[in-house]
Amino acid sequence: QNNCGGVTATLNVGYIERCWNGGYIASSGNAGGLVATYNAGIIRDCYNAGTVVDNGAASGGLAGLVSNSNHKVIDMERCLNLGNIMFSAVTREPGCELIGTGADQVTITNCYYDRQMSGYTDSERGMTTAALTSGNALPGFDASVWKFAAGMYPRLAATAETDAAKLNAAPVFLAAGEDHLHVKSAFTVSGNSDIEWNLRGGSSCRLNGNTVSVTRTATVQNLVLTAYLGDYERRCMVSVYPQIFQGEGTAASPYLISDKNDMVKFAEAVNQQKLDFSGEYFRMTGDIDMQGVTDFQPIGFNTTELVSFNGTFDGDGHSIKNMSIDSRTNKVMNVGLFIIVSPQGMVKNLVIDRSCRFIAFRNYGAIAATVYGTIENCRNYADVPTTDGYSGGIAAFVYGTIRGCMNAGTISSSERNGALGGIFYSGYAGCVIEECQNTGRIEALHDKATNLGGIGGSCYGTMKNCLN
């Protein structure tokens, strides 16, 4: 449903005080553990323990969209998000653990989230599960309003002894430094003897007592932990992170991409396992010849779900050669080596060799179709021939940054349409295109061809220090 909140869909003016949610929230529009759309009012002494799943709109652990359309007070005080949040790297914003969109319009005081079970990023409001379940009162919280008990999440005192509240206060204790999307070690669940646990998923994981043993494989294992107490049940979702590449995925020890087999594994990890590699690093160790790979799928290609790359891919100055991508046969729009580079994603120091063969349909970029993050110091020497729609030598659509890139390939249109740019086609508000050069031909010889530019076709952002 559109616009779903655990307590209310919309808060216009008023108060939400001493309320909590333990339900599963999934929405085609705005979604929040407490409130979907937060226009004005005060939320005080509340918490979310349920799972929130986004569908491309504003989604947050406590509130989805803050609009302040009433131009009145918007305060959030002494609130907690303890539940899973499952948000796409493309749509999630900083601070989404509490507020999906518009957090800068809210005065937030003494509000926290479990950075291991609810978090995508670390911040001053993120706390470990151990810290939240220590039994110590949280800063600013009134012990007469909240119940604090060792081994349990804080819960409202008025309902603390109900089965529902106890169940939703039962934690999953992941290993230090791990989070719900990157489980690599054995972990435990609440040892409360009244609560029964069940584990589903994960062919190489076992629940024994309150300990879950973990064996990592080359495939992500999505675990569903269900806790039961009385007439209630609560589900927690965690993912055992796969071991696919050599390296640790850190800046100091990046995942190594050494040959065409690694490139295929990389694409499969994003496309099929839906890993966005947020905060992780890749590095090519040398030129990669894709000769013989006839069915290579671009990174981020998925016909049913939005998947993207949100890590850092460093070509280290090396080239990809003899790569073939055909988006015309099956009429697939919005294609490049990377389909989507998400806001924290970066592709840098990569060369697309002239031996690469692209058969484009609509909306094509040699490096990426859509860029929310950054493309830096990349070169394209391959042609992008006879494309319908909107295409560029580096990217088609840019919301983020393209810096220090060059295109030397010929970009040409079909007889049906043509809107082309040497580096990009469409740049949206806030985008930055800088220090780029196009030396490739841009050809549109048909009556329906429109909007051709040496650097870009259309730009609402900033272009500077560029040369065609």
Side-chain angles (χ1 to χ4, degrees), residues 1-108 111-114 117-121 125 156 164 168 180 234-237 274 276 304-308 340 342-343 372 399 428-429:
Q1 298 295 320
N2 189 36
N3 213 31
C4 292
V7 174
T8 183
T10 303
L11 180 62
N12 286 317
V13 178
Y15 293 82
I16 299 178
E17 189 167 10
R18 302 185 189 185
C19 297
W20 64 277
N21 170 61
Y24 182 95
I25 307 295
S27 173
S28 60
N30 303 330
L34 300 175
V35 177
T37 301
Y38 190 6
N39 292 326
I42 296 173
I43 301 177
R44 181 185 294 139
D45 291 313
C46 296
Y47 68 97
N48 172 58
T51 297
V52 183
V53 180
D54 84 327
N55 192 36
S59 302
L62 297 180
L65 173 68
V66 177
S67 68
N68 200 13
S69 59
N70 292 322
H71 305 289
K72 295 182 181 295
V73 171
I74 305 182
D75 287 347
M76 183 175 287
E77 306 168 5
R78 300 183 301 278
C79 293
L80 300 174
N81 180 37
L82 310 172
N84 286 143
I85 56 175
M86 314 294 285
F87 300 161
S88 164
V90 176
T91 57
R92 66 179 181 247
E93 298 185 21
C96 66
E97 293 86 359
L98 299 180
I99 307 292
T101 297
D104 58 337
Q105 301 181 66
V106 185
T107 300
I108 300 175
C111 294
Y112 306 98
Y113 62 90
D114 185 333
M117 290 301 293
S118 308
Y120 285 101
T121 58
R125 295 191 176 98
L156 291 169
N168 281 276
H180 65 115
R234 180 194 183 205
R235 293 180 182 178
C236 300
M237 293 175 281
K274 305 167 192 173
D276 60 36
T304 60
E305 295 185 48
L306 180 67
V307 296
S308 64
I340 299 174
S342 285
Y372 293 95
Y399 297 82
Y428 296 87

**Q** Could you work out, with side-chain hydrogen bond (donor to acceptor under 3.5 Å, both in side chains) as the rule, every residue matching Gln105, not counting sequence neighbours?
**A**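 Gln105 satisfies side-chain hydrogen bond (donor to acceptor under 3.5 Å, both in side chains) with no residue once adjacent residues are dropped.
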**Q** Would you say that Glu77 contacts Thr107 through its side chain, given a criterion of any heavy-atom pair below 4.5 Å between the two side chains?
**A**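 The answer is no, as the side chains (C-beta and beyond) never meet within the 4.5 Å cut-off.
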**Q** Quick one: closest heavy-atom pair of Ala36 and Asn3, and the distance?
**A**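 Closest pair (atom of Ala36, atom of Asn3, distance): CB-OD1, 3.3 Å.
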**Q** Sub-3.5 Å donor-acceptor pair from the side chain of Thr37 to the main-chain atoms of Leu65, do we have one?
**A** no
**Q** Would one find more than 12 heavy atoms of other residues, nucleotides or ligands at under 6.0 Å from atom OH of Tyr15?
**A** no
**Q** Indicate yes or no: at least one non-hydrogen side-chain atom of Ile340 is less than 4.5 angstrom from one of Leu306.
**A**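 SC-SC contact between Ile340 and Leu306 confirmed.
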**Q** Grab the two heavy atoms, one from Asn48 and one from Gly61, that are nearest each other, plus how far apart they are.
**A**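 It is ND2-O, 3.4 Å.
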**Q** In Å and rounded to the nearest 0.5 Å, what is the CG to CG distance from Leu82 to Asn21?
**A** 11.0 Å
**Q** Would Asp276 and Ser342 count as a side chain to side chain contact (heavy atoms under 4.5 Å, CB included) here? Give the steps.
**A** CA-CA 9 Å; Asp276 60 36; Ser342 285; 5.9 Å; no
**Q** Would you sort out whether Ile99 and Glu93 count as a side chain to side chain contact (heavy atoms under 4.5 Å, CB included), showing the intermediate values?
**A** CA-CA 9 Å; Ile99 307 292; Glu93 298 185 21; over 6 Å; no
**Q** Please find the pair of heavy atoms, one from Leu62 and one from Met76, that lie closest to each other, and give the distance.
**A**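 Closest pair (atom of Leu62, atom of Met76, distance): CD1-SD, 3.6 Å.
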**Q** At their closest point, which heavy atom of Cys111 faces which heavy atom of Leu98, and how far apart are they?
**A** CB-CD1, 4.0 Å
**Q** A side-chain contact here means heavy atoms from C-beta on lying under 4.5 Å apart; do Glu305 and Lys274 qualify?
**A**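 In short, these two side chains touch, coming nearer than 4.5 Å.
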**Q** For Thr10 and Asn39, which I'm curious about, is there any donor-acceptor pair between the side chains at under 3.5 Å?
**A**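 Asn39 and Thr10 do not have a side-chain donor-acceptor pair below 3.5 Å.
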**Q** Starting at CZ of Arg44, measure out to CZ of Arg18 and round the result to the nearest 0.5 Å.
**A** 9.0 Å
**Q** Look up atom CD in Glu17 and atom CG in Leu156, then write down how far apart they are to the nearest 0.5 Å.
**A**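 It comes to 10.0 Å.
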**Q** Would you say Ile85 and Arg92 make side-chain contact, with heavy atoms under 4.5 Å?
**A** no
**Q** Would you call Met117 and Asn84 a side-chain contact if the rule is heavy atoms closer than 4.5 Å?
**A** yes
**Q** If you measure from CD1 on Ile25 to CG on Leu34, what distance do you get to the nearest 0.5 Å?
**A** 9.0 Å
**Q** Would you say that Val7 contacts Cys46 through its side chain, given a criterion of any heavy-atom pair below 4.5 Å between the two side chains?
**A** no
**Q** Using side chain to side chain contact (heavy atoms under 4.5 Å, CB included), reason through Val52 and Asn81 one step at a time and then give a plain yes or no.
**A** CA-CA 10 Å; Val52 183; Asn81 180 37; 5.8 Å; no
**Q** Over all heavy atoms of both residues, which pair between Phe87 and Tyr120 is shortest? Give the atoms and the distance, please.
**A** N-OH, 2.7 Å
**Q** Is the ring pair Tyr47/Trp20 parallel, tilted or perpendicular, if the boundaries are 30 and 60 degrees?
**A**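 The rings of Tyr47 and Trp20 lie parallel, inter-plane angle below 30°.
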**Q** Please enumerate all residues that pass salt bridge (charged side-chain N to carboxylate O under 4.0 Å, His left out) together with Arg235, with sequence neighbours excluded.
**A**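 With sequence neighbours excluded, Arg235 shows a salt bridge (charged side-chain N to carboxylate O under 4.0 Å, His left out) to Glu233, given in chain and number order.
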**Q** Once you round to the nearest 0.5 Å, how far does SG of Cys96 lie from OH of Tyr113?
**A**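 One gets 8.5 Å once the value is rounded to the nearest 0.5 Å.
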**Q** Show the nearest heavy-atom pair for residues Tyr372 and Val90, with the distance to one decimal.
**A** CE1-CG1, 3.7 Å
**Q** When rounded to the nearest 0.5 angstrom, what distance separates CG in Asp75 from CD1 in Ile42?
**A** 5.0 Å
